[in-house]
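Right, one structure below, let's go through it.
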Amino acid sequence: MQAKTTILSLPTEEFVHPGTRACTGCGLAIAYRVGLKALGKDTILVVPPSCLTVLQGLFPIASTKLACLNVTFASTAAAASGILATLKVQGEDNIKVAAWAGDGGTSDIGLQALSGAAERGENFIYLCYDNEGYMNTGAQRSGTTPIGAVTANTPFKGKLQQKKDVPAIMAAHNLSYVAECSAAYPLDLFDKIRKCMDMPGTKYFHIHTPCPPGWGYDPRYGIKIGRLAVETGYYDLYEIVNGEFKLTAASEKLVEKRKLIPVREYFRSQSRFRILTDAQIAVIQNQIDAKWANYYKKDE
Amino acid sequence: MHIIENGNVAAALGVKLCHANVIAAYPITPQTPLTEKLSEYVEAGEMKAEYIPVESEHSALAVCIAASSAGARSFTATSANGLLYMHEQVHWAAGARLPIVMCVVNRAVGAPWNVWNDQQDSISQRDTGWIQMYCCDHQQIIDSVIKAYWLAEKVSIPIMVCYDGYILSHTYMPFDVPDQEKVDAFLPPFRPDYALNTEEPANLNTVTLPDVRMDIKGEIAHGYMEIRYLLHEEMRTALTVAAEAEKRFADIFGRGGDPYVEPYLCDDAEYVAVGLGSLTYQLRVAIDTLRKEGIRVGVMGVRFYRPFPDVAVANALKGKKGVIVYEKALSYGYEGALASDLKSALYEHLAGTGTLPFVQNFIAGIGGRDIRTDDLTQSLRAATKSRVSKEPVWIGLKL
Amino acid sequence: MCWLFCPDVVISRTIPPKIDLEYCKGCGICAEECPTKAITMVDEAGFSEEDKDKE
């Protein structure tokens, strides 16, 4: 059993310069910084249009210290495949390829290429940072925006549809590794990346990423809100290793604790959920309770 | 070595001889047999390449763009709607200055659906910054693929090698397959100035602003406008480099000619028919017929559509009475794209000199409508009597 | 904790932590997450040029 990384054992080398163009309190900046520590310097990154594109800065200056290819919106996973092919013909065995894309670029416009790459068994890590909307362009709804969220193009009724479960879609591709993580639990993210790096085929990461302007909260509460998502049982930290599902970190502890914070606290912490009625929240609470009843049963 | 094979195989052999090492493939009629052939070469070990059967054409070019950025010699092929699906990437590859070679097996575009030949697909990509070469027979197909890699890698501009679907892709012709040693002498391995790597990491194709910015050394770096200007400038210079390619090729392989135009009986012609691709060879039959009637007419194929060889074309047509442009595509709402470009070149170089011919535009073969040589002969004969119409005239229309 | 959660890589992993105020965006996550409440956010407007360097 691999020892869990702690703050003291986390590598100190940084792969991002300060002075990125991310928003104040950006959740992605945290996830990205720790994620790159896990990936290390022998990595080539692929990035589609997204908050990350902006975070990395404007030509001719970039804040990321690693090699990175910016690509078109729909083509992230295909571009990763192209780099992998080249590394193979060049005989470069030690260079990893990691794609970082937003939820829009993954669950919507990028899904086709991702599915194709996963089906072909392309050997790279795909990390989707899910800030639950097209935040870079002003917070429009995406496939992973949760139901009820007010966004720039669901301004009065909120999103009417359920959040798309992308990890489940990816798990259906028989991948060696699928993980759900959160920017609020960076050490869990670090360990999972390190764990799966040498596994074959496409490894898929879905990272819950709090976004102050998009979600509507004071930036200082970003980590608290990320934690609340997990501690209410609304969003779970897990991994699926060769088809076997397992809760991890704080979510795993919740199975022992058998006590979830009511999800209304999570919704009331962000202004984007302001139009959710008590009745709607009750429905969601029931869904969460049912999901966790299942987890508890499996644990017995 | 002389063989008899179809145009798709000719193209595939060209790609094999050039040692392309990353191939992206997505099926679309009538290109499919080309990439199927490449899969045979790869799986049989005759090509040391990674073959990626992608899930869409947009991804096919994405693979090539990424592979080329990392230093591989990449290839893909497509037609019609496949080319249109990757249109965003077509612009991208040119802007990123990547020497990708792509075969476009010309086919009509939807809507409505049509799998037969016309040239709307590649013509519609005219303004993307790709070099476009048009082939008239299988020898030109295999030779153009080889020349294209050399030219593309010299000028860092991607190249579309276009040939007519079915008419060339699926028909059988004898042609010479060059010796591997000669190809290796002509085309050295791909050595880009920069390829993505972890020792000297770089962030490629980041966001640019309208104005120029300073880099970390305190020097002003090129802005978007400068980058795009250079693409255009270097495309114009590519005309000269293309002539160099043609000469080098002729020196090593013993065949070649004018890099820009392929004339037939044009020297003493009063009227010249102009076109792109195999249609110009079919027009030679019409030319022969009309010559027997005493009409001094010739036909000229244009080999590079972009960059447009305006000087070569204007020189070839200077002093002719009329130029009759036959096209299998058009810019809807106005006229054939080749006719427009030709008019602009003739005006630019010949206006006011008394040597400006009229330009007659005929549209034929749209959606693979059979182009009867008789129709070519009749239309050409009519045009040599007087300009038929200032609007493009559609041949073979059955309203 | 502050070092771990800083989105802008401006805090050192030392005790006490050193914060690069040139690049700090003032999000306040460090202050919020500190288990001993050792960091306080102060509005930039309240500082003169010299005071900033003293922090």
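Below, all heavy atoms of this structure are taken into account, side chains as well, without hydrogens, waters or symmetry copies.
Interface residue Gln89(B): only side-chain heavy atoms are found under 4.5 Å from chain A. Contacts of Glu122(A) with chain B are made by side-chain atoms alone, with heavy-atom separations under 4.5 Å and no backbone atom involved. If you measure heavy-atom distances from Val54(B) to chain A, the contacts under 4.5 Å come from both the backbone and the side chain. Contacts between Gln90(A) and chain B at a heavy-atom distance below 4.5 Å involve the side chain alone, from C-beta outward. Residue Leu66(A) touches chain B through its backbone alone, counting heavy-atom pairs closer than 4.5 Å. Residue Thr76(A): no heavy atom, backbone or side chain, is found under 4.5 Å from chain B.
The residues Lys37(A) and Glu13(A) are annotated as not salt-bridged, no charged nitrogen and carboxylate oxygen being separated by less than 4.0 angstrom. Salt-bridge formation is not detected for the pair Glu14(A)/Lys65(A): no Lys NZ or Arg NE/NH1/NH2 atom is positioned less than 4.0 Å from an Asp or Glu carboxylate oxygen. Between Arg141(A) and Glu132(A), no side-chain nitrogen of the basic residue sits less than 4.0 Å from a carboxylate oxygen of the acidic one, so the salt-bridge criterion is not met.
Here the two rings, on His87(B) and Trp130(B), have centers that are 6.0 Å apart or farther.
Put simply, of Thr53(A), Val71(A), Leu84(A), the one with the most heavy-atom pairs under 4.5 Å next to chain B is Val71(A). For the set Gly116(A), Gly57(A), Ala78(A), Ala80(A), the count of heavy-atom pairs under 4.5 angstrom toward chain B peaks at Ala78(A). Taking Val54(A), Ile95(A), Leu69(A) one by one and counting their heavy-atom pairs under 4.5 Å with chain B, the maximum is reached by Leu69(A). Listed options Ala72(B), Ala202(B), Ala24(B) were ranked by heavy-atom pairs under 4.5 angstrom with chain A; first place goes to Ala202(B). Your options are Gln56(A), Gln112(A), Lys41(A), and the one with the most heavy-atom pairs under 4.5 Å with chain B is Gln112(A). Contact tally against chain A (heavy-atom pairs below 4.5 Å) for Asn205(B), Leu61(B), Asn197(B): the top residue is Asn205(B). If you tally non-hydrogen atom pairs under 4.5 Å between each of Asn21(B), Thr208(B), Asn203(B) and chain A, the highest count goes to Asn203(B). Ranked by heavy-atom pairs under 4.5 Å with chain A, the list Tyr224(B), Trp92(B), Tyr51(B) is led by Trp92(B).
By the 6.0 Å contact criterion, NZ on Lys88(A) is open, its count of non-hydrogen atoms from other residues, nucleotides or ligands being 12 or less. Shown here is Leu209(B), whose CG atom has more than 12 heavy atoms of other residues, nucleotides or ligands within 6.0 Å.
Using the six-membered ring where Trp is involved, Tyr204(A) and His206(A) have ring planes that are tilted, between 30° and 60° apart.
In this structure, Lys16(B) satisfies the cation-pi test against Tyr41(B), with its NZ or CZ atom closer than 6.0 Å to the six-membered ring centre and inside 45 degrees of the ring normal.
Of the residues listed (Thr151(A), Asp108(A), Asp103(A)), the one engaging Tyr134(A) in a side-chain hydrogen bond (donor to acceptor under 3.5 Å, both in side chains) is Asp108(A), and it is the only one.
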